[in-house]
Protein chains: 2
Amino acid sequence: MRDVLDRVGDKWSTLLLSVLATRPHRFSALLRAVPDISKRMLTQTLRDLERDGLVEREVFPTKPPAVEYRLTALGATILEPLGGLMAWADRSHAAIRAARARFDALSGL
Amino acid sequence: MRDVLDRVGDKWSTLLLSVLATRPHRFSALLRAVPDISKRMLTQTLRDLERDGLVEREVFPTKPPAVEYRLTALGATILEPLGGLMAWADRSHAAIRAARARFDALSGL
DNA sequence: CAGGATCCCTTCCGATACTG
DNA sequence: CAGTATCGGAAGGGATCCTG
């Protein structure tokens with residue numbers, strides 16, 4: 001249970017899942033689509049998602065090789081609950097930032 | 001957006017929110033209700049949740065002091081989307097574990 | 001192009017001891 | 001009871017270089 005949510009809670013995982021939700025992407029396309037992610041973290045996060053069966057990897061034996069990543073059927077099922085959470089975050093981020101500002105102001109006294 | 005999900009992705013935060021969903025708890029009660037959390041992490045996680053306005057803290061000036069933590073109205077609103085995700089995790093953990101076993105078996109060749 | 005390997009710095013976090 | 005303070009090991013993750 002916890003390890004499942006750990007993956008969802010991972011910043012890069014959620015971003016990658018939402019990028020792949022639209023259409024399959026190649027490695028370098030993901031690198032461009034997700035600014036600030038390093039090659040290292042992209043590789044590692046994709047491996048984790050693949051290991052969990054949320055993403056699948058297809059290698060085209062061209063020269064130079066191309067690799068495409070896409071959501072699996074299982075991976076597609078997480079989009080709805082994940083979207084619910086992102087919608088909540090979107091609805092609530094103003095209230096959260098206000099709460100933080102209030103808290104920090106009181107702490108700074 | 002990311003920092004909001006970071007808090008949700010935090011293992012202890014989600015556990016504390018679901019414990020507090022039933023009723024308010026005192027510090028020591030939370031310590032007992034969430035096995036394996038250290039005093040340090042409990043304090044820190046509660047501060048973060050309080051800072052974000054999801055949890056509120058009430059101090060009773062007794063001797064020795066008692067402190068009660070409860071969800072705020074904002075904190076209560078996250079329970080539904082969070083529940084959706086936990087339900088997904090519950091539905092999918094078998095498939096995920098199977099995918100992991102398959103992946104690890106192929107990696108070990 | 002896609003990714004493995006290495007170095008190294010930073011952050012996380014548990015254990016322990018102390019306080020109002 | 002409900003914390004705070006400090007230390008030290010473990011883990012996260014960026015930068016860089018190398019390869020099929």
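Here is the naming used below: chain letters follow the sequence lines, and residue numbers restart at 1 for every chain.
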*Asks:* Using the side-chain contact (heavy atoms from CB on, under 4.5 Å) rule, pick out the option among A:V55, A:D10, A:L46, A:L71 that qualifies with A:L16.
*Replies:* A:L46
*Asks:* What is the distance, rounded to the nearest whole Å, between atom CD of A:E58 and atom P of C:dC1?
*Replies:* 19 Å
*Asks:* Once each nucleotide of nucleotides 13-20 of chain C is scored for protein heavy atoms under 4.0 Å, what B/S/- sequence comes out, 5' to 3'?
*Replies:* BBB----B
*Asks:* Quick one: is C:dG3 close enough that its OP1 or OP2 comes under 4.0 Å of any side-chain N or O from A:Y69?
*Replies:*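 So the side chain of A:Y69 is within the cut-off, an N or O lying under 4.0 Å from OP1 or OP2 of C:dG3.
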*Asks:* Calculate the interatomic distance between A:K63 atom NZ and C:dA2 atom C1'; express it in whole Å.
*Replies:*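 Taking NZ of A:K63 and C1' of C:dA2, I get 16 Å after rounding.
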*Asks:* Are OP1 or OP2 of C:dG3 and a side-chain N or O of A:R26 less than 4.0 angstrom apart?
*Replies:*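 Checking C:dG3 against A:R26, no side-chain N or O comes under 4.0 Å of OP1 or OP2.
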*Asks:* Salt bridge between B:K11 and A:D6, side-chain N to carboxylate O under 4.0 Å?
*Replies:*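 A salt bridge is absent here (no side-chain N lies under 4.0 Å from a carboxylate O).
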*Asks:* Taking the side chain as every heavy atom from C-beta outward, state whether A:D90 and A:H93 have any pair of such atoms under 4.5 Å apart.
*Replies:* yes
*Asks:* How many whole angstroms separate atom CG of A:L31 from atom C1' of C:dA2?
*Replies:*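 After rounding, the reported distance stands at 10 Å.
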*Asks:* Reading DNA chain D from 5' to 3', where do the contacts with chain A start and stop? Cut-off is 4.0 Å to heavy atoms.
*Replies:*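 Range of nucleotides within reach of chain A: D:dG13 to D:dG20.
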*Asks:* A:R40: what forms a side-chain contact (heavy atoms from CB on, under 4.5 Å) with it, not counting sequence neighbours?
*Replies:*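 Partners of A:R40 under the side-chain contact (heavy atoms from CB on, under 4.5 Å) test: A:S38, A:Q44.
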*Asks:* Would you say the side chain of A:H25 lies within less than 4.5 Å of the side chain of A:V19, judging by non-hydrogen atoms?
*Replies:* yes
*Asks:* Enter the distance from B:L74:CG to B:D52:CG here, rounded to the nearest 0.5 Å.
*Replies:* 8.5 Å
*Asks:* Any non-hydrogen side-chain atom of B:E68 less than 4.5 Å from a side-chain atom of B:F60?
*Replies:* yes
*Asks:* Can you tell me how far P of C:dG4 sits from CG of A:L42, to the nearest Å?
*Replies:*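 Rounded to the whole Å, the gap is 11 Å.
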*Asks:* Looking at side-chain heavy atoms only, is the closest gap between A:R26 and A:V67 below 4.5 Å?
*Replies:*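 A side-chain contact under 4.5 Å is absent here.
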